[in-house]
Amino acid sequence: MPMTLTQLVVMALLQIVLLLAFVMMLVPLITFAERKVIAYVQVRLGATRTAGGLWGAQAGRTHKSRTLTGGLNGLMWYLGRVPMLSIFRGLPVFIADAVKLLTKEDIVPEGADKAVFILSPAISVISAFTVFSAVAFAPGALFTFPAWFPIVGGLPFNAFLTDINVGLLFILGISSVGVYGIVLGAWASNSKYPLLGGLRSAAQIISYEVPLTLSLLVPVILTGSLNFNEMARRTATEVHWLAIPLLFVGFFIYTTCAFAETNRVPFDLAEAETELVSGFHTEYTGMKFSFYFLAEYANMILVSALAAGFFLGGHYLLPFGFQTFLMKAGETAWFNQPSILFFLGKVLFLLFVFIWVRATLPRYRYDQLMHVGWKYLIPYTLVLIFVAALIRYIA
Amino acid sequence: MAASFLRTLIPFDIYGGMKLTGKYFGKVFIQSNRQKKRTHFTAEYPEVKVKLAPRYRGRLQMIKDEQGEIKCVCCLACEKICPTQVITIEKGKKEGRKTPYPTRYDFEMERCIFCEFCVESCGFDSIILNHQFELAAYNREDFSHGMEGGFQNMFDVTPVGHYSVAEDVQ
Amino acid sequence: MFKTEEMEINLGPQHPSTHGVLRVKLRLDGETVVKCTPIIGYLHRGVEKICEDKTYFQGQVWTDRMDYVASVSNNLGWAEGVEKLFGITVPRRAHYIRTMLTELNRLSSHLLWLGTHALDIGAMTVFLYAFREREQILDCFEAFCGARLTTTAFRIGGLREDLPPGFIKQVQAFQDRFLDCLDEYETLLTENRIWKKRTVGVALLNADDAIALGVTGPVLRAAGNPYDIRKAFPYAAYAEMQFDVPTRTAGDTYARYQVRLEEMRQSHRIIQQCVDGLPEGPVMAKLPKVLKSEVNEVYHAIEAPKGELGYYFVGEKGSQNPYRMHVRAPSFVNLQALPKMTEGKLLADVIAAIGTLDVVLGEVDR
């Protein structure tokens, strides 16, 4: 059923709003998870109460925090006594974090290039959010609008915004614009630590863009497509069995590059806290800082989504093309159905790995980072591409 | 050669660290609801009280004997030994008491370094360092403790020290 | 059209990894350090001058506040220096307890170094693991003398009180799990390729330079010189203890890391010997009511966790106060090696070098 223009626009708007809401909600939740996971790794409890404020002060004063009448703090106390679920103790802290960031004073340092200073976080955050338009969270429709629904009644609500044939190219192109935000912001701050952080970041992202793209070429060669849905389906279900180890190795190389691309430990040189205070966003406060923050975590979600889509079997159950063997059981079996849950599960697991690695590893030095990128990762990925082409030739 | 190349290629060293941190994550994830027999090392402080050692050196406090009489006899040993001169004593007399009686015993906590030399030098066991450790206050005056004064004095624990072990003692 | 400039950057005094209020003025060419000038004095309190105005008994509390992560070692240096000045003989049991506490303090100081050094290089979890063990040691201090950080642990002539009941059990509980904990740190760091890349060959200091700069402690031993005052001029009960002095020859950050970890193992061994062979007897020597000295001068050095900690006393006839007191602070002397270690290297190596020198600014500035 072809859609009218009104239907098209309304549907697109609905999808955009849902997508933005999803990513924007996920980001503070990841920061909460980051606090909690790192705390648990470090044998402590992490955020356990509602970030002080009125409730916190009351908890300290009146000794009521252990009772249910102690408000949110009391509730959190009892949540903390439930096995496993106690990780959600202190959950409201993510709201408090967001409120704090949004209500903080917005400082533009003296001598800063004001226009660029304000523009650059926007560049970062816009490029980080735009790329999600080409990511397919599930291959088909999420649900169908009931017939009584105005304008879009009876139409399927797709789990992807666009289904363009050059999806991967679009993603890579737009996401690399984000580095301008970092470099320009660092330069516009008119401060020395951000400048060093920005220069590091520029060199790092440009050099890791190469192995990242090359490692993504492996699924591209194996599937012969650039469309997100197509690639996710074919790498999961239709690859030659020889490609399974290839995807496995490719996944690790891709993840390594993704860590560098998103400025995460062990490659977080741009914001190396113990060296550059806080790197390129040292001078940023309040809303502008939170834009960088959003962009960084949105980028993390993006690279996790790409890894999940092209290496971990996309919307299917098993990773690295193992689903190919399961497919013999028939299309109708539940484990052969693509699902948004499989996809999101993989993304969340990868986000957990991001945090887990941050808690474990030290940080590379600037020249060593370049060394790893140019001398190891790029040759490895070239070999992988060669093998991928060979497999494609055989199959 | 091949072995070292493989070692560069496959990060076993990183795997060991990841395994350790993963193990701790799992342990705390399962046990974080527990108060006893747990992996995590932090105390949930305002709700759960901390345990102090018997010799803990907290705030200076004056002791009264069974009759409610101040034990201090104004020998000025504590005033003399104090490395930061936080104690000021004024000697005086009280009716029906043979030994001298301190009319003024001032303790300026903002300078106190809690070394317990005063208690050590006291031959009459008339002062102790109690177990109170929540000593923060909003005003500078709140750090000056005398024998009188409703908010803070040398005999009671301060109201800010709400969760200390001293609370149980009282 | 284009011109390049060297950039001057102030690392500190408020910076996440200068361990206090150290200010390092760096002249950078890109990321390369051209010139490195440590600037100190932000925490100067005039301890040496203050001590001239205090009695020998009172002066000890100021030593707590010099190297505040190793206050027991500082107390030991002060107490033994004054005892040397007045010729006081300390009972054997007091010597053993002092040795045990000082070694526990060495562990706590090294644990703090390990944690912060690893944190500077980016491994944040080691920090909390090290603090977990340090907490147990501080609990032992709290049980012994009532304070965790500024201990004022010893008295001239011995100890104020004997060990509290249950103290040996507490120490033994720590001893039993500590070696496993050391293995955990090693799992996270020793073989880790990133840790090795960040530390091997970084901040080199060879033995000759180290001696020329007066550097002592683990930094000197990592350069290959086995100078350890515990062996060279035994004090307290160290003459009766069996232990090795670990050395490495590389003289880089990794070697210092290995030396300090090995030192922790040796400290563990010494504490075990103290616990097992603790003699009975009094803990306090007979002292005159008031200490008064003839004109006399004494230099007494001990092996603090950071290096040679020396106290120099000049007594005054008929006075209870020292006429002059001087501290040879290991952090202060070791900090001199920083420009030698970092010039020509990268910015990130400065952080590693500050971490590996293990300076405490309270002691540098005094």
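Throughout, protein chains are lettered first and strands after them, A, B, ... in sequence-line order, and every chain is numbered starting at 1.
Annotation for B:F29: atom CZ counts as buried by contact number, over 12 foreign heavy atoms lying within 6.0 Å. The neighbour count for B:K23 NZ, taken as heavy atoms of other residues, nucleotides or ligands under 6.0 Å away, is above 12. Annotation: B:K71, atom NZ; neighbour count of heavy atoms from other residues, nucleotides and ligands within 6.0 Å is above 12.
Note that CZ of B:F41 is 14.5 Å distant from CD of A:Q42, once rounded to the nearest 0.5 Å. Distance check, rounded to the nearest 0.5 Å: CZ of A:R44 to OH of B:Y24 gives 14.5 Å. Atom OG1 of B:T21 sits about 12.5 Å away from atom CD1 of A:I355, to the nearest 0.5 Å.
Interface remark: A:F252 contributes no atoms to any contact with chain B (heavy atom separation under 4.5 Å).
Between chain B and the residues A:T360, A:V37, A:I87, A:L361, the largest count of heavy-atom pairs under 4.5 Å involves A:T360. Ranked by non-hydrogen atom pairs under 4.5 Å with chain B, the options A:V357, A:V43, A:V82 are led by A:V43.
In plain terms, the two heavy atoms of B:S32 and A:Y40 that are nearest each other are OG-OH, 3.1 Å.
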